[in-house]
Amino acid sequence: MSTRVHRPLSLPLPRLLAGAARGLCLLILAIAGAATAQAQEFTRQMVMVATLRPVGDPKVARRVGDEARARIARMGNKREMQVLDPYFVERAFNLSDLAYDKPLGDRELFETARFMRVDEVLFGTVTARAGEVTVVAGLRLTRDWGQHQPLPVVRAATAAEAAEKLAGEVTKARQQLSSLRRCENAMHEGKQANAIRFAEDGVKAYPASTFARTCLLAGLLWLGERADSVLRVADQILGLDSLNILATVARASALQAENRPIDAEHAWLRVTDLRADSIDLGVRTVEALLQLPRPSSALDVTRRLSALDGKEPRLRRLRFRAWYAMSSWKETAALGDSLDMADDAEFRDDSSYAVRYVDALRQSGDSIGALAVSARSVKRYPGDARVYAQYVALIGGESGAALPRGIMRFPSEPEFYVIAAKNARDAGRRREAIAATAAAVRADPGLAQGYLQMAELWFEEQLPDSALAVLRRAPRSGDGVEMLRSYAIGRGARVLRSAGDTSLALQRVAVNFLLLADSIESREDSRNYAAAGMLQLARSELVVAGKTRDCAEVKRADAALGSSASLMARGVGSAAGAGDGLKQAWDAMRAAVDNGARVLCKPPG
């Protein structure tokens, strides 16, 4: 792998080379634009062999570079590529007082490639030790300098042999370039599916490709392909070139999409390690870390980026969001004051910042400041329901006409109905609270907490069957599913205990709560509770049959026993002998029900 070197020259390279431009540009243009006898798909590419960095004898490195240049020209298709004659580079460097035979850093090499109007650059390091020549080299594209195509390490006994092998590896690697150009052109035309196909052709032509794979990755990202497909290609690229920034970003995004927050956090931090000089990539990283959420890591990145530009407004806003996500109310409020006074345009125009700012002020104890900013925000964002709901909560839901006005202005926003429900419940008006909560869940059917609140209010009204009906309408997907299931088990078990053997109707309601929990997601715990409930219900039905001498009651007991057996057959766990205990109880109840059927359900005659 190559290490990027940023070694500044005493003067900017374009100025140093400017003196060489006259005359040389015409020569280079003539070479690059030479017409061929037959029409070609692409213009002929110019390849520059840079001065190779020596480790050991510099003469060996120079010889490898010179001989590789000649061999690449000989092996390549003359109609498709041409190797830049070193005369032009040497002439340009002499006119600019640069040392032609000294290796350049990454930045200077890029500037040279652009000035010389070459398309591809071969660069690398030559190590000459103990009778062996080792070449670690790679290709760069001037039009996309961030990409790097590593070449297999070359080892040989002599410089000439090393140059021959290096030229062969360059020729192999270049087999992907026609497909790469087709992929790039298709991407520019908006034909991403074609681009992916061309990129795959490039990978087939050169299996160790990073250039074609990077274009493939861009196509997958553009089409929004599955995260596992993106991750696979990104990992392939990084296995070949660990410094590929696009693959690093794509990998982090894919891990985030797969809901792997720890891995995604490490991947995003790798992005900032590779490009610690890029505020744009740093901002993208912080945004992702806040979404994960990893606010502490996001805050650390903003601090590092501030060393590049302490006045960058995006960093201050991101730091504000990180402090807020960490519930650091005083820091959030102080930074909010600063952004507000600085009249930051985005901070002022985006109402989500206003909501966070008001909340931080309130949480930090500045109630007057929170109310002042909230009142100003209501005026600034008249159509934002969140802002108005926050204002209503601050002044008290029942103060004047604020809450009714909010419901009238934003009838589809659940927040106002939630506030109305809380106020009604606090005042002991349960039926009114139920109606307001029902309006909230109609406005937002995914508001799982609203269904649970309604169920609890019906319980307070001593109407558990109404509570059960509410929970049956609750959504079976989303973040609130587990909470709904746990609530149904807890309430069912409590009702069953309170019913005892005296209230058959209440037992049936309790068992239905437990069956509801099992229908949301069947697990051992819900099956255990429901099976035990069914056994208790069967026992109670049999007791009633003994008093009424009614065969129908025995049949209901038998049906409950059958449902219990079905639940037990699917597994009820073995903790503390629960499964064995249920089986023994079931066997005893089976014998009792059979005996009741023989006595009470005799056929006539």
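Keep in mind the model is a prediction, meaning the values are calculated, not measured.
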**Asked** Is the backbone of R44 close enough, under 3.5 Å, to the side chain of E80 for a donor and an acceptor to pair up by distance?
**Response** no
**Prompt:** Can you find a pair of side-chain heavy atoms, one from V387 and one from S377, that are under 4.5 Å apart?
**Reply:** yes
**Message:** Whether D66 and R69 form a salt bridge (side-chain N of Lys/Arg under 4.0 Å from carboxylate O of Asp/Glu) is what I want to check.
**Reply:** yes
**Message:** Closer than 3.5 angstrom, by distance alone: can the side chain of E312 be matched with the main-chain N or O of R314 as a donor-acceptor pair?
**Reply:** yes
**Asked** How close do A199 and C183 get, heavy atom to heavy atom, and via which atoms?
**Response** CB-SG, 3.8 Å
**Asked** Which value, rounded to the nearest 0.5 Å, describes the distance between W323 atom CH2 and S296 atom OG?
**Response** 9.0 Å
**Message:** With no hydrogens and no angle check, just 3.5 Å: does a side-chain donor-acceptor pair link D350 and S352?
**Reply:** yes
**Prompt:** Can you name the closest pair of heavy atoms from T248 and S242 and give their distance?
**Reply:** OG1-O, 4.4 Å
**Asked** Going through the checks in order, is the side-chain contact (heavy atoms from CB on, under 4.5 Å) test met by I262 and R294?
**Response** CA-CA 9 Å; I262 296 176; R294 288 294 188 270; 3.6 Å; yes
**Prompt:** Is D344 salt-bridged to R317, cutoff N-O under 4.0 Å?
**Reply:** yes
**Item:** R321 charged N/C atom sitting above Y324 aromatic ring, 6.0 Å / 45°
**Value:** no
**Message:** What's the separation between atom OG1 in T272 and atom CD1 in I279, rounded to the nearest 0.5 Å?
**Reply:** 13.0 Å
**Message:** Would R174 and E120 count as a salt bridge (Lys or Arg N to Asp or Glu O under 4.0 Å) here? Give the steps.
**Reply:** CA-CA 10 Å; R174 294 195 74 261; E120 304 157 29; 2.7 Å; yes
**Message:** Strictly distance-based, threshold 3.5 Å: is any side-chain N or O of K78 a donor or acceptor partner for the main-chain N or O of A73?
**Reply:** yes
**Message:** Applying side-chain contact (heavy atoms from CB on, under 4.5 Å) to V170 and L151, what does each step give before you reach the verdict?
**Reply:** CA-CA 7 Å; V170 171; L151 299 174; 3.7 Å; yes
**Item:** Main-chain N/O of S179 paired to D201 side chain as donor or acceptor, under 3.5 Å
**Value:** no
**Prompt:** Are R270 and E265 close enough for a salt bridge, meaning some N to O gap below 4.0 Å?
**Reply:** no
**Message:** For E184, give me all partners under side chain to side chain contact (heavy atoms under 4.5 Å, CB included), at least two apart in sequence or on another chain.
**Reply:** R143, L180, R181, C215
**Item:** V121/W145 under side-chain contact (heavy atoms from CB on, under 4.5 Å): CA gap, chis, key distance, verdict
**Value:** CA-CA 10 Å; V121 177; W145 196 252; 3.9 Å; yes
**Request:** Evaluate the side-chain proximity of R485 to E521: yes if any heavy-atom separation is below 4.5 Å, no if none is.
**Result:** yes
**Item:** Polar contact flag, side-chain donor to acceptor under 3.5 angstrom, R316-S338
**Value:** yes
**Asked** Between I196 and L223, is a side-chain contact (heavy atoms from CB on, under 4.5 Å) present by the stated rule, with each step listed?
**Response** CA-CA 10 Å; I196 289 173; L223 289 180; 3.5 Å; yes
**Prompt:** Can you tell me if R213 uses its side chain to pair, donor with acceptor, with the backbone of S209 under 3.5 Å?
**Reply:** yes
**Fill in**
Shortest non-hydrogen pair, Q149 vs A173, comes out as CG-CB, 4.3 Å
**Asked** Hey, is R275 close enough to D277 for a salt bridge, meaning N to O under 4.0 Å?
**Response** yes
**Asked** Would you say the side-chain atoms of N244 and T214 include a donor-acceptor pair closer than 3.5 Å?
**Response** yes
**Prompt:** Would you say the side chain of L246 lies within less than 4.5 Å of the side chain of L221, judging by non-hydrogen atoms?
**Reply:** yes
**Message:** Main chain of A167, side chain of T171: is a donor-acceptor contact present, judged purely on distance under 3.5 Å?
**Reply:** yes
**Request:** Report yes if some heavy atom in the side chain of L243 is under 4.5 Å from a heavy atom in the side chain of L274; otherwise report no.
**Result:** yes
**Message:** Quick check on the 6.0 Å ring-centre criterion: do F320 and F347 meet it?
**Reply:** yes
**Asked** Backbone N or O of L122 within a donor-acceptor pair of the R140 side chain at under 3.5 Å?
**Response** no
**Message:** Can a side-chain donor-acceptor contact be found between Q256 and Q291 if the only test is distance below 3.5 angstrom?
**Reply:** yes
**Request:** Using atom types as modelled and distance alone, determine if a side-chain donor or acceptor of S278 lies under 3.5 Å from a backbone N or O of L281.
**Result:** yes
**Request:** Given salt bridge (Lys or Arg N to Asp or Glu O under 4.0 Å), test R284 with E287 step by step and report yes or no.
**Result:** CA-CA 5 Å; R284 174 71 184 89; E287 291 276 6; over 6 Å; no
**Request:** Find the distance between CD (E225) and CD (Q192) and round it off to the nearest 0.5 Å.
**Result:** 11.0 Å
**Complete:** In short, L109 meets A50 closest at the heavy-atom pair CD1-CB, 3.7 Å
**Prompt:** Does atom CZ of R380 have more than 12 heavy-atom neighbours, drawn from other residues, nucleotides or ligands, at distances under 6.0 Å?
**Reply:** yes
**Prompt:** Does K165 reach the main-chain N or O of R155 with its side chain, forming a donor-acceptor pair under 3.5 Å?
**Reply:** yes
**Request:** Kindly indicate whether the side chain of S253, heavy atoms from C-beta on, has any atom under 4.5 Å from the side chain of V249.
**Result:** yes
**Item:** Under 3.5 Å side-chain donor-acceptor pair for N185 and R182
**Value:** no
**Asked** Just checking, any donor-acceptor pair under 3.5 angstrom between side chains of D119 and T142?
**Response** no
**Request:** Kindly compute the distance separating NE2 (H148) from CD1 (I245), expressed to the nearest 0.5 Å.
**Result:** 15.0 Å
**Message:** Would the distance check show the side chain of E169 and the main-chain N or O of L166 forming a donor-acceptor pair, the cut-off being under 3.5 Å?
**Reply:** no
**Request:** Identify the heavy atoms of P103 and L52 that sit nearest to each other, and give their distance.
**Result:** CG-O, 3.9 Å
**Prompt:** Are the charged groups of D359 and R356 less than 4.0 angstrom apart, N to O?
**Reply:** no
**Message:** One thing to verify: whether R197 and E200 come together as a salt bridge, which I'm taking to mean a side-chain N less than 4.0 angstrom from a carboxylate O.
**Reply:** no
**Message:** Ignoring hydrogens, what is the shortest heavy-atom contact between P261 and L292? Give both atom names and the distance.
**Reply:** O-CD1, 3.9 Å
**Request:** Kindly indicate whether the side chain of D144, heavy atoms from C-beta on, has any atom under 4.5 Å from the side chain of F211.
**Result:** no
**Asked** Any side-chain heavy atom of V126 sitting closer than 4.5 Å to one from V55?
**Response** no
**Request:** Determine, for R376 against D340, whether the closest basic-nitrogen to carboxylate-oxygen distance falls under 4.0 angstrom.
**Result:** yes
**Request:** Quick one: pull up CD1 in I237 and CG in L217 and give me the separation to the nearest 0.5 Å.
**Result:** 5.0 Å
**Request:** Could you tell me whether the side chains of S306 and R319 share a donor-acceptor contact shorter than 3.5 Å?
**Result:** yes
**Prompt:** Excluding sequence neighbours, so at least two apart, what forms ring-ring contact (aromatic ring centres under 6.0 Å, His included) with F198?
**Reply:** none
**Request:** Apply salt bridge (Lys or Arg N to Asp or Glu O under 4.0 Å) to the pair E67 and R74, showing each step before the final yes or no.
**Result:** CA-CA 11 Å; E67 297 201 16; R74 188 189 73 231; over 6 Å; no
**Fill in**
Rounded to the nearest 0.5 Å, the CD atom of E189 sits from the CG atom of N194 at a distance of 8.5 Å
**Prompt:** Taking C-beta and beyond as the side chain, do R348 and Y353 meet within less than 4.5 Å on heavy atoms?
**Reply:** no
